[in-house]
Protein chains: 2
Amino acid sequence: MTNGGALKELDETDHALLEAVQRDGRATLSDLAVEIRLSVSATRARLRALEEQRIITAYAAHVDPEAVGYALRAVVRMKVNGPLFDAEVATVLERHPQIVRCLRVTGESCYMMEIVATGLRDLEEITDDLAQIGPISTDLVYEVVADKPTPVP
Amino acid sequence: MTNGGALKELDETDHALLEAVQRDGRATLSDLAVEIRLSVSATRARLRALEEQRIITAYAAHVDPEAVGYALRAVVRMKVNGPLFDAEVATVLERHPQIVRCLRVTGESCYMMEIVATGLRDLEEITDDLAQIGPISTDLVYEVVADKPTPVP
DNA sequence: GTTGAAACGTGGGGGCT
DNA sequence: AGCCCCCACGTTTCAAC
């Protein structure tokens, strides 16, 4: 069987490969191969292994929200009273693709979300929807100071 | 001149292309071409335009932090007293690659950060460093409920 | 992990509507 | 201006080593 889920130790070459493919997700196997000083075939084998072990979970183009019309970014913290509100939250998440990130956390705020919006009117529409689940507090984002890939120690 | 920064209206085909390349950042031009029902050349031209306009800012592999040894994820909010503490924050961000995201926001908490850590000991080391800049509050993340690409409306 | 050869995808130029 | 076809070249794939 092609053991796809086994946890294997990552050596230095794997680390270099992960680092390279995080920096440039569209780098060709040949590019990656010279970077990690291996043959193309060996590079492909390692990359496939990382994908099958679900260490690499996806490849994605990054689209600048501002460049496609989202002038605003906000962080919304939401508290829910009762037990788990996963269903309600899932519904809102599905209704609003502009909620680009949602974390369930410890502490006062049970959910933390990051939202992109074309303007305040647009943001209000989404927060109104969220406020029906639980009390929220909204902060606008001045600047994305850092957005770094997963470090590979 | 090769006008690289002009804002151009994105048509339906561009939207489809952005959506496709966000879903699979490693899709070949041929794959993308059939998806958006265009020739390979036209697809390539549009993709290059999106890159040159900085609408597509990067391509990256997504690495699962848990799979590479980070058992914990935390959200840290930090308040700074005086004017701008960009220099201090930049230093800490550089010292700790495990701070994977940092936003400067309105409201009480001036900075919001997302941190991955191998354990509580590891997390403590980073928060101790942050606490020297300003008062912080730390929440652990139970679950990443959603992590969605930028919607293209 | 490496090599090699066939299949496939890519990038530029010309011609089309 | 934008798209399509063509062709040389680079890349990926899959064998055998």
Side-chain angles (χ1 to χ4, degrees), chain A residues 1-64 67-69 149 152-153, chain B residues 1-64 67-68 149-150 152-153:
Chain A
M1 104 180 234
T2 52
N3 186 353
L7 283 85
K8 220 184 57 182
E9 265 320 301
L10 300 179
D11 61 17
E12 266 313 307
T13 307
D14 289 316
H15 288 170
L17 182 51
L18 282 178
E19 205 250 320
V21 81
Q22 279 189 294
R23 251 204 338 265
D24 181 4
R26 251 181 121 70
T28 65
L29 286 179
S30 329
D31 293 339
L32 298 172
V34 311
E35 186 126 5
I36 68 174
R37 287 147 183 272
L38 239 51
S39 73
V40 173
S41 307
T43 304
R44 183 173 63 102
R46 279 175 182 263
L47 200 59
R48 285 177 85 86
L50 292 171
E51 291 162 359
E52 275 160 15
Q53 293 176 250
R54 305 252 61 190
I55 289 172
I56 294 174
T57 56
Y59 298 92
H62 289 189
V63 173
D64 180 6
V68 294
V152 283
Chain B
M1 105 181 235
T2 52
N3 186 353
L7 282 85
K8 221 185 56 185
E9 265 321 301
L10 300 179
D11 61 17
E12 265 313 309
T13 307
D14 288 317
H15 288 171
L17 181 52
L18 282 178
E19 206 251 320
V21 81
Q22 278 189 296
R23 251 204 337 266
D24 181 5
R26 260 183 110 73
T28 65
L29 287 179
S30 329
D31 292 339
L32 298 171
V34 311
E35 185 125 4
I36 67 174
R37 289 148 182 271
L38 238 53
S39 76
V40 174
S41 314
T43 304
R44 183 166 51 110
R46 280 175 182 263
L47 198 60
R48 285 174 85 87
L50 292 171
E51 291 163 358
E52 276 161 14
Q53 293 175 250
R54 305 250 63 192
I55 289 172
I56 294 174
T57 56
Y59 298 92
H62 290 188
V63 172
D64 180 6
V68 293
T150 305
V152 284

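Note that these values count all heavy atoms, side chains included, but never hydrogens, waters or copies made by symmetry. Below, chain A is the first sequence line, B the second, and so on; all start at residue 1.
Rounding to the nearest 0.5 Å gives a distance of 10.0 Å between CG of D11(A) and CG of L17(A). Note that CG of D64(A) and CZ of R54(B) are 8.5 Å apart. Values are rounded to the nearest 0.5 Å. We find the OG1-CZ distance between T43(A) and R48(A) to be 13.5 Å, quoted to the nearest 0.5 Å.
The distance from atom CG of L29(B) to atom C1' of dT12(D) is 14 Å, rounded to the nearest whole Å. One atom, CZ of R44(A), and another, P of dT3(C), lie 16 Å apart when rounded to the nearest Å. Atom CG of D14(B) and atom C1' of dG2(D) are 12 Å apart (whole Å). Following rounding to the nearest Å, L38(B) (CG) and dG2(D) (P) show an atom-to-atom distance of 12 Å. Between R26(B) atom CZ and dG9(C) atom P the separation is 14 Å, expressed in whole Å. As a whole-Å value, the separation of R48(B) CZ from dT10(C) P is 12 Å. A straight line from CG of L47(B) to P of dG12(C) spans 13 Å, rounded to a whole angstrom. Going from atom CD of E51(A) over to atom P of dT12(D) covers 12 Å, rounded to whole Å.
If you check every strand for non-hydrogen atoms under 4.0 Å, R46(B) touches sugar and phosphate atoms only.
For S30(A), the listed nucleotide lying nearest its side chain is dT12(D); candidates were dT2(C), dC4(D), dT12(D). Each of dG9(C), dT13(D), dC4(D) was ranked by its minimum atom distance to the side chain of V40(A); first place goes to dT13(D).
When R26(A), Q22(A), E51(A) are each tested for a side chain to side chain donor-acceptor pair (under 3.5 Å) with Y59(A), only one passes: E51(A).
Between the side chain of S41(A) and the base of dC14(D) there is at least one donor-acceptor pair of N/O atoms closer than 3.5 Å.
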